[in-house]
Every structure is written in C-alpha cells, then in structure tokens.
Amino acid sequence: MTQDYSEQEKIRRESLKKIIELGIDPYPAHEYPITTNSKEIKKKFSEKDNNFQDVSIAGRIMSRRIMGKASFMELKDFGGRIQIYLNRDELCPSDDKSMYNDVFKKFLDIGDIVGIKGYVFITKVGEISIFAKKLTVLSKSIKPLPIVKKDAEGNTHDEFKDTELRYRQRSVDLIVNDKAWSVFEARTKIFNTIRNRLNSMGYIEVETPILQPIAGGAAARPFVTHHNTLDMSLYLRIANELYLKRLIVGGKEGVFEFAKDFRNEGMDKTHNPEFTMLEFYVAFKDYNWMMTFVEKLLEETVTEVCGSNKVCFDGKDISFSGPYKRIPFFEAIKNETGDDISNMSEEELFDYCRKKNIKTDSSMAKGKLFDLVFGEFCEHKLIQPTYITDYPIEMSPLSKKHRQKEGLTERFELFINAKEIANAYSEQNNPIEQRSSFEEQMRLHEKGDDEAMLIDNKFLTALEYGMPPTSGIGIGMDRLTMLLTNKQSIQDVLFFPQMKNE
C-alpha cells in the first residue's frame, strides 16, 4: 500500500536515513541516565554554589536557533522547558564534527527526542541554561509538530487550539500545549484525595465485572456483545451498583469502586458513552448520613485540589462549604411552577406536559414524566450545591420507601451548576419489595421503555440472605473534574473521548 507523505514528512524520512548512514541508531534500545530535570534545575541552581556541574537530562526539541559554530535549542522534559547551548568544538572535541555539523544542524528537527549531558550556567541575558558536552539521539520524529511561537512581547502565535484536532491527536496536544497536562494532573489528584479519604474510613476498594449478563443498577440503554464460547449475550456495565451491594451482603462495612461505565445513549458536553463513576456503599447508614458525609468529602477534595473550598466555573463562584441546601423533589417543582403535580395520574401528567410544551412519547410512565417536568423547570436553576431529596417511588426502583412520607423514597441527587453530580439512596434491602420493583420495571420494558431495568435474580438471591440497612452513592467523576478544572466539555477531561470516524 503506497502512502502519501507531505513534503515535511519526506524530508524527515530522508534525514532518518542519513542519520542511520552515519552509524547512529535513531531509536536506541538502551536506558538513558537522567539525573535531574528542568524544573529542579531552575528551582535549585545557584551560580554562587556552581551546583549542577554534571547533569544528564532528556527531552523533546521544541525550538532551534542555529548560528554557525554555536547554537541554542529549547528542550522540553518532564519538568518543563530549558535552554540548551551547543558549541561545535565543545560538543565535538575530536576532528570529527559530524555530530554537530550533520546530525544537529542538518538532520535533527523540532519534535526529536535527545539526551543532553553537560553543566548548568547562566547566559549573559540571565537565562538558566545547560552547556551541552554530549548529545545523544533517542528518538527521531518523522511527523512534524505544529510550531507554536512566542514573540518578543510574550504573545503566542499558531497555537494548536482546534478542539477536534486536540481530542483526536491528544499526544500532540500534550506536547505543544504546556498547560494541557494540568487538567489530567488535577483529575488524578481528585481521584486520589477521595480514594485516600475512603481508605481512611476503613472501606475497601474493589473491582466488579465490566461484562455483565444483565445490564442492571441504572436506567440506561446498554452496549450489547456476544460471548462465543458461552454462546450468550453480555452487556458492558451501565452501573456496578448491584455487585457492590452483593459485597455488602458478604459482610464488609464499606466498599467502593472507581468504575468505567458504558451507556449507549446521546453525546453532548456532559455525556460520553464511556465515563467514570465512583460508587460506594456503607452498611448501617442511610441517606441522611450520606448527605452529611458527601458534603465533607467534596469540601475536603475541592480544598486539596484548588486551594480553597470555592471554585469559579464559567464566571460563576461556587462554594462547596456545607451544609448544602436540601429541597424535596415535588417542592422544587412547585417552587418553580406553582403547581403540585405529586398526586397527578399518568393521564393528567401527559396533559400537563402537553400544556407546558414538554415533548413526551407513549412509552413513558409516571417516573419519566416526573423527570421531564423537573428537568424542564428546575435543573437549570440549581447552581450552588443542592440536594434534591425524596423522589417518587416511580423514579427510584432501587431505593427504600420513605419512612414517613407515603409514595416517596429515601433518595437524593446532588446538583451543581445545573448538572447532576451524584445520586444516592437509603438502599432497598427488602428482597420482596425489590422483586416487586423489578417486576414493575419489566412491565415498563415491555411497554417500550428500553431504559427500564431487568430482573437480576442473582442480586435478589443475595438480598434474600439479608443485607443490612445500607446507604450508597454514585458520583460522576468526569463532571466533578470539569467543575474543579473549569472545563465546559467532558471531552476536555478525558484523554481520549469518543469521536466520530474521520
């Protein structure tokens, strides 16, 4: 198969051949010793102490200025960027000057990875630099990078900003955009802060199956695959809830998992078909305990990651300091519409939605209709962290009935900046009532609701052995990361978001 190359790619491939002809392996397999990095040098170098006199670093060439026998290049390594000074006679003390005249001047390019050994000094204009005594080619780049330039005033030009290209070519984005890594470093810090807190509580991190015989634990459309040896359909998990509750039955106080979930649904700025949820379950607790715990967990996480319990997202100041406002589901709707829809029949809800110009379809039952009304009138108003509590039974098949309020459940959802961030229950532990809820979900499925849950008999069997009173929660980690890094799209906080084929 013949491949078309750009002019620059042809030149780089020719340079690759020339380097090989000079007897240099452009992709050596050996280890290269690194003694420091650019960040440490800039932080600790002292001209008075004359330290860093024997350094070895490695990185990617980001710019070059060739001036005859002496040249400069900018090297980007794990710590940042640093200037390298190359002098032909110092770099090549023998008569053979090919490493400078040929390799560096003619055949090396921006994007190539090299090793540099030398010593640190300060140039006449006051820039900390490395005087190169030895240069080693470690990886030849045969595809040119976008060249991002800065003028004398510090303004940046020709930035790699096209969002679709950045998502499709994340490696290039991370190379040329120095701040691109900061989002993902913050993401790791968010995960680790929460993980450390749950570990400190004595809860155990677990792993549950991604391929599941029943897509359970949430109302969503699954991805379906087929296992040839077992000759059975399997589903990429939409949630890990039912497996985690089976572990609570098994006797642990608390279990948690950072789980990759998959839902075969629409895509927008807050939805990707593959996403990460934190789910954790704690025995002998209820949803009131969980609300208080989550307030403290999030405030601690935001403070650790952002240096304050407040963040600014899209120009809005959001405070994670508890206690968060708590508003019952139907009260929230009445506050915005003036209407009490809690006792409406299914037919009355259809009429109400028609009058309010809310689009419906015949497969919807009361739970979906309640959700549509809430989404239309309430969700966009919830900017500061707010718990919406006490959802109707029709919307909460895995939740325990409210101990005081007829027709409601002990469930809450946490909304921040008009988006659901978390969903939690006092978990249903009555196996008879849970089976009844599943059977009602099956009726909805037969009616045409392809997001309705199926009956999970293995989970029901576990419940029949007895599950203690339990509270559980799922937290959307991608959306939380968006909030804490001020990113408008979920694609900005995923290394490799799902994209259409080019």
Side-chain angles (χ1 to χ4, degrees), residues 12 15-16 19-20 22-66 70-88 90-94 98-100 102-105 107-123 127-145 148 170-189 192 495:
R12 285 177 177 242
S15 295
L16 178 65
I19 289 175
I20 294 171
L22 287 169
I24 297 170
D25 183 354
Y27 305 105
H30 59 75
E31 175 188 7
Y32 187 83
I34 296 174
T35 62
T36 186
N37 62 61
S38 58
K39 183 178 181 180
E40 184 178 35
I41 290 171
K42 290 181 176 180
K43 182 179 180 180
K44 297 181 179 179
F45 175 68
S46 166
E47 191 172 24
K48 177 183 176 182
D49 297 335
N50 202 27
N51 54 349
F52 292 104
Q53 288 304 294
D54 186 13
V55 301
S56 179
I57 72 168
R60 192 181 298 273
I61 300 172
M62 300 305 293
S63 68
R64 300 192 308 159
R65 285 177 289 145
I66 297 174
S71 299
F72 289 93
M73 70 178 179
E74 185 181 43
L75 200 73
K76 181 177 182 179
D77 68 359
F78 302 132
R81 300 187 183 214
I82 193 165
Q83 180 172 264
I84 311 295
Y85 172 72
L86 303 101
N87 181 284
R88 185 191 66 186
E90 292 288 338
L91 189 65
C92 310
S94 65
S98 60
M99 178 56 73
Y100 182 83
D102 294 325
V103 176
F104 175 71
K105 289 179 67 175
F107 305 136
L108 286 189
D109 298 285
I110 291 173
D112 292 348
I113 297 172
V114 298
I116 297 291
K117 292 183 179 180
Y119 62 88
V120 180
F121 73 107
I122 297 180
T123 65
E127 183 170 357
I128 295 176
S129 306
I130 297 177
F131 192 115
K133 302 291 286 184
K134 184 177 181 180
L135 181 150
T136 304
V137 180
L138 298 175
S139 183
K140 176 68 182 155
S141 170
I142 56 175
K143 200 169 189 69
L145 289 172
V148 183
R170 184 65 82 185
S171 299
V172 178
D173 178 36
L174 296 169
I175 291 170
V176 302
N177 292 325
D178 289 341
K179 294 182 179 180
W181 269 106
S182 63
V183 172
F184 301 103
E185 290 166 349
R187 180 185 175 101
T188 297
K189 195 170 186 179
N192 285 341
F495 274 125

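Atoms considered below: every heavy atom in the structure, side chains included; atoms not considered: hydrogens, waters and symmetry mates.
- Here the shortest heavy-atom pairing between R12 and D112 reads NH1-OD1, 4.2 Å.
- Atoms CG and SG, on D102 and C92 in that order, are 9.5 Å from each other to the nearest 0.5 Å.
- Qualifying side chain to side chain donor-acceptor pair (under 3.5 Å) partners for R88, counting only residues two or more places apart in sequence or in other chains: none.
- Take N192 and apply the side chain to side chain donor-acceptor pair (under 3.5 Å) test, not counting sequence neighbours, and it matches R195.
- Applying the side-chain contact (heavy atoms from CB on, under 4.5 Å) rule to K189 yields the partners T193, E304, V305; only residues at least two apart in sequence or on another chain are considered.
- Shown here are the side chain to side chain donor-acceptor pair (under 3.5 Å) partners of S139, two or more places apart in sequence or in another chain: there are none.
- Taking the salt bridge (Lys or Arg N to Asp or Glu O under 4.0 Å) definition, one finds that K134 meets it with nothing, sequence neighbours left out.
- Residues satisfying the side chain to side chain donor-acceptor pair (under 3.5 Å) test with D54, not counting sequence neighbours, are none.
- For residues 33-50, the pairs satisfying salt bridge (charged side-chain N to carboxylate O under 4.0 Å, His left out) are E40-K44, with sequence neighbours left out.
- Using a 4.5 Å heavy-atom threshold, the side chains of I61 and D109 count as separate.
- Panel note: side chain K133, backbone E90; no donor-acceptor pair is recorded below 3.5 Å.
- Interatomic distance, OG of S182 versus NZ of K179, reported as 8.0 Å (0.5 Å rounding).
- Considering only residues two or more places apart in sequence or on other chains, F72 meets the ring-ring contact (aromatic ring centres under 6.0 Å, His included) condition with Y85.
- In terms of heavy atoms, I175 sits closest to D178 at O-OD1, 4.2 Å.
- What you find for L86 and A132 is that their closest heavy atoms are CG-CB, 4.2 Å.
- A salt bridge is defined here as a Lys NZ or Arg NE, NH1 or NH2 lying under 4.0 Å from an Asp or Glu carboxylate O, and R60 with D77 fails to meet this definition.
- Take D173 and apply the salt bridge (Lys or Arg N to Asp or Glu O under 4.0 Å) test, not counting sequence neighbours, and it matches R166, R170.
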Hey, can you pull the donor-acceptor pairs under 3.5 Å for the side chains in residues 116-123, sequence neighbours left out?
residue: T123; atom: OG1; partner: E127; partner atom: N; Å: 3.1
residue: T123; atom: OG1; partner: E127; partner atom: O; Å: 3.4

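- The distance between the ring centers of W181 and F78 does not fall below 6.0 angstrom.
- Side-chain contact check for V103 versus I24: some heavy-atom pair is nearer than 4.5 Å.
- Side-chain contact check for R81 versus M62: some heavy-atom pair is nearer than 4.5 Å.
- I19 has its side chain within reach of K140: a pair of non-hydrogen atoms, C-beta onward, lies under 4.5 Å apart.
- Counting all heavy atoms, side chain and backbone alike, L174 lies closest to A180 at CD2-CB, 3.8 Å.
- Without hydrogens or angle criteria, R65 side chain to M73 main chain gives no donor-acceptor distance under 3.5 Å.
- By the 4.5 Å heavy-atom criterion applied to side chains, L22 and I20 are not counted as neighbours.
- Contact of the Y27 side chain with the L16 side chain is registered, since non-hydrogen atoms from C-beta on lie closer than 4.5 Å.
- Here the side chains of N37 and I57 are not in contact, with every heavy-atom distance at 4.5 Å or above.
- The minimum heavy-atom distance linking A58 with I34 is given by the pair CB-CD1, 4.2 Å.
- Remark: L138 CG to E31 CD distance equals 11.5 Å, nearest 0.5 Å.
- Distance check: E74 CD to S129 OG gives 10.5 Å after rounding to the nearest 0.5 Å.
- Residues satisfying the salt bridge (Lys or Arg N to Asp or Glu O under 4.0 Å) test with R64, not counting sequence neighbours, are none.
- Residues forming a ring-ring contact (aromatic ring centres under 6.0 Å, His included) with F104 (at least two apart in sequence, or on another chain): Y100.
- Atoms CD1 and CG, from I84 and L135 in turn, are 9.0 Å apart once rounded to the nearest 0.5 Å.
- Atom-to-atom distance recorded for Q83:CD and S38:OG is 12.5 Å, nearest 0.5 angstrom.
- Between N51 and S46, the closest side-chain pair of non-hydrogen atoms falls below 4.5 Å.
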